[in-house]
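A, B, ... follow the sequence lines: proteins, then strands. Residue 1 opens every chain.
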Amino acid sequence: MSTCYQKSLRAFLEQESVIKTKHQAKELHARLIRTMAPVSAILNSKIISIYSNFNLLQDSLTLFNTIDSPQPTKAWKSIIKCYASSGLFLNSLTSFNEMRSVGRIPDRNVFPSVLKSCVQLRDLRLGESVHGCVMRLGLDCDLYTGNALMNMYAKLQLPKAQQPFDEFPERKKQVVGLKDMTEKPIEMEALGMDTVRKVFQTMPIRDVVSWNTIIQGNVHGGRYKEALGMLREMGNSDLKPDSFTLSTVLPIFSKNVDLKKGKEIHGFAIRHGFDGDGFIGSSLIDMYANCTRVEDSYKLFSLLPQCDAVSWNSIIAACVQNGRFDEGLELFRQMLRADIEPLGHSFSIIMPACAHLTTLTLGKQLHAYIIRTGNDENLYVASSLVDMYAKCGNIKNARWIFDNMEIQDSVSWTAMIMGYAMHGHYDAISLFEEMQMAGVQSNSVVFVAVLTACSHAGLVNEAWKYFSTMTQNHGIAPGLEHYAALADLLGRAGRLQEAYDFISSMHIKPTGSVWSALLSACRVHRNFEMADKVAKEIFKIDPEYTGAYALLSNMYGAAGSWKEAQKIRITMRRKGMKKKPACSWIEVKNKVHAFVAGDKSHPFYGQIDEALQDILERIENEGYVPDTSEIPHDVDEEQKRYAVSTHSERLAIAFGIISSPAGTTIRVTKNLRVCVDCHTAIKFISKTMGREIIVRDNIRFHHFKDGNCSCGDYW
DNA sequence: ATAGGGTTAG
């Protein structure tokens, strides 16, 4: 027996290093059972260890349970590791506790798995107690354990968005006076990073993984300076950055829009043969896209040796975030055709494209797909759906999704509030109050939504109130968008001087677009004196600001000052400026049809024109009188009439009417503000043709029904 | 034991 055992053991040990497949592992196990029964606990533990290295959880467990307790430490360690690598983190930790309760002492090999489980379960407290255990056993100087400890503290330093708001009372109390507001928002001190640093400093030996881990921890917590400092230090200690290091630091240059540094990393990656690495590839795609170099992103994507869902997500995001919505959608389709299963991420990336293009049908199809793939519980996905439905004018669906979300974070609240704001609902304001009651931390974006809501409802006093709440109670420095919203509101309320003073006293330099909100108010209120003053301010800051020239020229044209208007138009031409062409689009049978003013290129233009004439005749019989006062050209009345009647929104609506069943709602989106005459005409059309017409312009939604518009003619 | 992509913005 004893010799037989010795022989088998020797054979086994010879075999062990040869085992390369699961099949060989099982064969060895079988041979062991044949040659000697019973197999010793030590040998069985060896087999379990081999099984667990192949991630054969069931086989490991079955064998584990055949060993008489107390099972050897080696067996326990294998089970714990196998649970952790199978994603059963709770079981892994339970086994760890059991192991200790039967008196087995864990060693350095098991702690990385245990700490990984703590990370996955986001259980910092348990992780800390494991840390205590590591210290008592004197294992804190072990390289692998130290790395795993650092990783645990780095990962469980809560990301800002998920910080419980009352955990940082000093932030809540922080009051930023108007004078100091140019400073960046206070950076939150990470709790975990101190510990990471401590562990790092204690470690007698550090390898690339140690450096990568601490760098990643800093990046994750937004402390880019420290991360780059560590990168430099790492080089000083004779360790070369590897592909992990590079893809960890690339997001820094992406977020900082630092193309120069990003390219340096790209070059380094190529020189060191990392350029085929998928991780680095997608980080680079993202970096170039963030620097608006989408073509470079495309190039990188095409050079990737293989593309997984993440690479696709990166290139799709690159398009969508740079306003190339159609391309983004096309790539999404290509991804599906390439049999790449979209992930939750993929949906939250593509949904803003539907939101911007107002492609409700497509959005709904994707929503169905999201439900089928079980991604509807994902917070990011749900928020993007709320936004999509709201932007497509289906505020009810938006609200339904919002109400059914498991938790609502500031992003989903913001999407919902902005949705109401765009529809001019007073609900936006009450929803914001609800958000605050629910204890959700406000951020600068939600105040953009609130101020927009005030603006669309004409609530000047409320807007002032929220503006000062934002700065004084929430310590949020107003940005351009906040100033623009308030300036716009004051202007539209006719309080031009107040708006002028307000913009003049901004603590950051106003841009052309902030002033141009006031300029367009000057146009509406026909205040030339102020318009001149404002225009001068704009040209001082941004002599190339096309919008201002166009506004001024229109204003003079409308007032009959042809010479002035022409002078401006000549200037524009000399500077090579082009007015942004007005464009409207409508989704019909899953396809987006776009129209620009006077556009005859649509295949059904004949029918559209016919319908347009018919509609015009019918609404004129109902009392519609064309208002051509906004047409700046010094042209004759008939031409003016023609010009307004072929505005892009009318072409889109006419097309909608002839290509959809009677009585159905028509949804049109326009890239510029809808003109006064079209607004009047569409009111008539909604009544005469018996259609609800929902127009989203660049300002807000207009919901036309029975001859009225939801904006109450205030927009 | 370490790495890539995400939602809200006149």
Side-chain angles (χ1 to χ4, degrees), chain A residues 108-109 111-113 115-116 119 142-152 154-155 161 207-217 219-220 242-251 254 277-287 289 308-318 320-321 343-352 355 378-388 390-391 409-419 421-422 443-449 451-452 455-456 479-489 511 513-514 516-517 520 673 698-700:
Chain A
R108 60 185 59 190
N109 304 321
F111 282 107
S113 299
L115 289 165
K116 180 187 178 182
V119 171
D142 175 59
L143 175 63
Y144 279 52
T145 307
N147 286 346
L149 276 171
M150 282 200 296
N151 183 47
M152 191 266 297
K155 289 278 163 56
D207 65 355
V208 187
V209 176
S210 325
W211 287 93
N212 287 346
T213 307
I214 194 164
I215 291 171
Q216 163 69 11
V219 174
H220 194 224
D242 63 2
S243 59
F244 282 72
T245 326
L246 300 188
S247 60
T248 300
V249 296
L250 265 171
S254 173
D277 184 291
F279 282 81
I280 294 181
S282 54
S283 305
L284 282 171
I285 290 172
D286 179 61
M287 186 276 294
D308 62 2
V310 176
S311 340
W312 280 99
N313 286 350
S314 303
I315 190 65
I316 295 170
V320 174
Q321 284 155 12
L343 308 165
H345 275 126
S346 321
F347 293 113
S348 56
I349 290 164
I350 198 64
M351 207 50 75
N378 183 314
L379 179 63
Y380 287 97
V381 176
S383 297
S384 70
L385 278 170
V386 170
D387 179 56
M388 183 277 292
K391 292 239 172 77
D409 68 352
S410 63
V411 173
S412 43
W413 279 98
T414 305
M416 196 64 237
I417 292 168
M418 195 61 194
M422 289 178 76
N443 57 34
S444 75
V445 184
V446 78
F447 277 103
V448 174
L451 293 174
T452 304
S455 170
H456 291 169
L480 287 171
E481 297 87 350
H482 306 103
Y483 286 117
L486 203 50
D488 176 59
L489 176 52
T511 57
S513 72
V514 175
S516 86
S520 75
R673 186 177 175 273
N698 63 337
I699 307 272
R700 58 165 296 156

Rounded interatomic separation in angstrom, taking [atom1] from [X] and [atom2] from [N]:
X: A/Phe111; N: B/dA1; atom1: CZ; atom2: C1'; result: 14 Å
X: A/Asn147; N: B/dA3; atom1: CG; atom2: P; result: 11 Å
X: A/Glu481; N: B/dT8; atom1: CD; atom2: P; result: 14 Å
X: A/Asp207; N: B/dT2; atom1: CG; atom2: P; result: 12 Å
X: A/Ile349; N: B/dG6; atom1: CD1; atom2: P; result: 6 Å
X: A/Ile215; N: B/dG4; atom1: CD1; atom2: P; result: 13 Å
X: A/Leu250; N: B/dA3; atom1: CG; atom2: C1'; result: 11 Å
X: A/Met150; N: B/dT2; atom1: CE; atom2: C1'; result: 9 Å

Would you mind classifying the nucleic acid contact of [X] as base, sugar-phosphate or nothing, using non-hydrogen atoms under 4.0 angstrom?
X: A/Gly278; value: base
X: A/Ser243; value: base
X: A/Asp387; value: sugar-phosphate
X: A/Leu451; value: nothing
X: A/Ala517; value: nothing
X: A/Ser283; value: sugar-phosphate
X: A/Gly344; value: base

Taking only the side-chain nitrogens and oxygens of [X], find out if one of them lies under 4.0 Å from OP1 or OP2 of [N].
X: A/Lys391; N: B/dT7; value: no
X: A/Asn151; N: B/dT2; value: yes
X: A/Lys155; N: B/dA3; value: yes

Report the nucleotide, chosen from [options], that has the shortest atom-to-atom distance to any side-chain atom of [X].
X: A/Ser384; options: B/dG4, B/dT7, B/dA1; value: B/dT7
X: A/Thr213; options: B/dT8, B/dG4, B/dT2; value: B/dT2
X: A/Val381; options: B/dT2, B/dA9, B/dG6; value: B/dG6
X: A/Val411; options: B/dT8, B/dA3, B/dA1; value: B/dT8
X: A/Asn212; options: B/dT2, B/dG10, B/dT7; value: B/dT2
X: A/Val448; options: B/dT7, B/dG10, B/dA3; value: B/dG10

Tell me whether [X] contacts the main-chain N or O of [Y] through its side chain, where contact means a donor paired with an acceptor under 3.5 Å.
X: A/Asp387; Y: A/Ala390; result: no
X: A/Ser254; Y: A/Leu250; result: no
X: A/Asp286; Y: A/Ser314; result: no

If we require ring centres under 5.5 Å and near-parallel planes under 30°, does A/Tyr380 stack on B/dT7?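 According to the criterion (under 5.5 Å, under 30°), no, A/Tyr380 does not stack.
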For A/Asp142, give me all partners under salt bridge (charged side-chain N to carboxylate O under 4.0 Å, His left out), at least two apart in sequence or on another chain.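 Checked A/Asp142 against salt bridge (charged side-chain N to carboxylate O under 4.0 Å, His left out); matches are A/Arg108.
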Report yes if some heavy atom in the side chain of A/Leu143 is under 4.5 Å from a heavy atom in the side chain of A/Ser210; otherwise report no.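 Sidechains of A/Ser210 and A/Leu143: in contact.
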Minimal non-hydrogen separation, A/Ser311 against A/Ser282, with atom names: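 Closest pair (atom of A/Ser311, atom of A/Ser282, distance): CA-CB, 4.4 Å.
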Any donor-acceptor pair under 3.5 Å between the side chain of [X] and the base of [N]?
X: A/Ser247; N: B/dA3; result: yes
X: A/Asn378; N: B/dG6; result: yes
X: A/Ser348; N: B/dT7; result: no
X: A/Asp277; N: B/dG4; result: no

Taking side chain to side chain donor-acceptor pair (under 3.5 Å) as the definition, give me every residue that meets it alongside A/Ser513, ordered by chain and number, with sequence neighbours left out.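 With sequence neighbours excluded, A/Ser513 shows a side chain to side chain donor-acceptor pair (under 3.5 Å) to A/Thr511, given in chain and number order.
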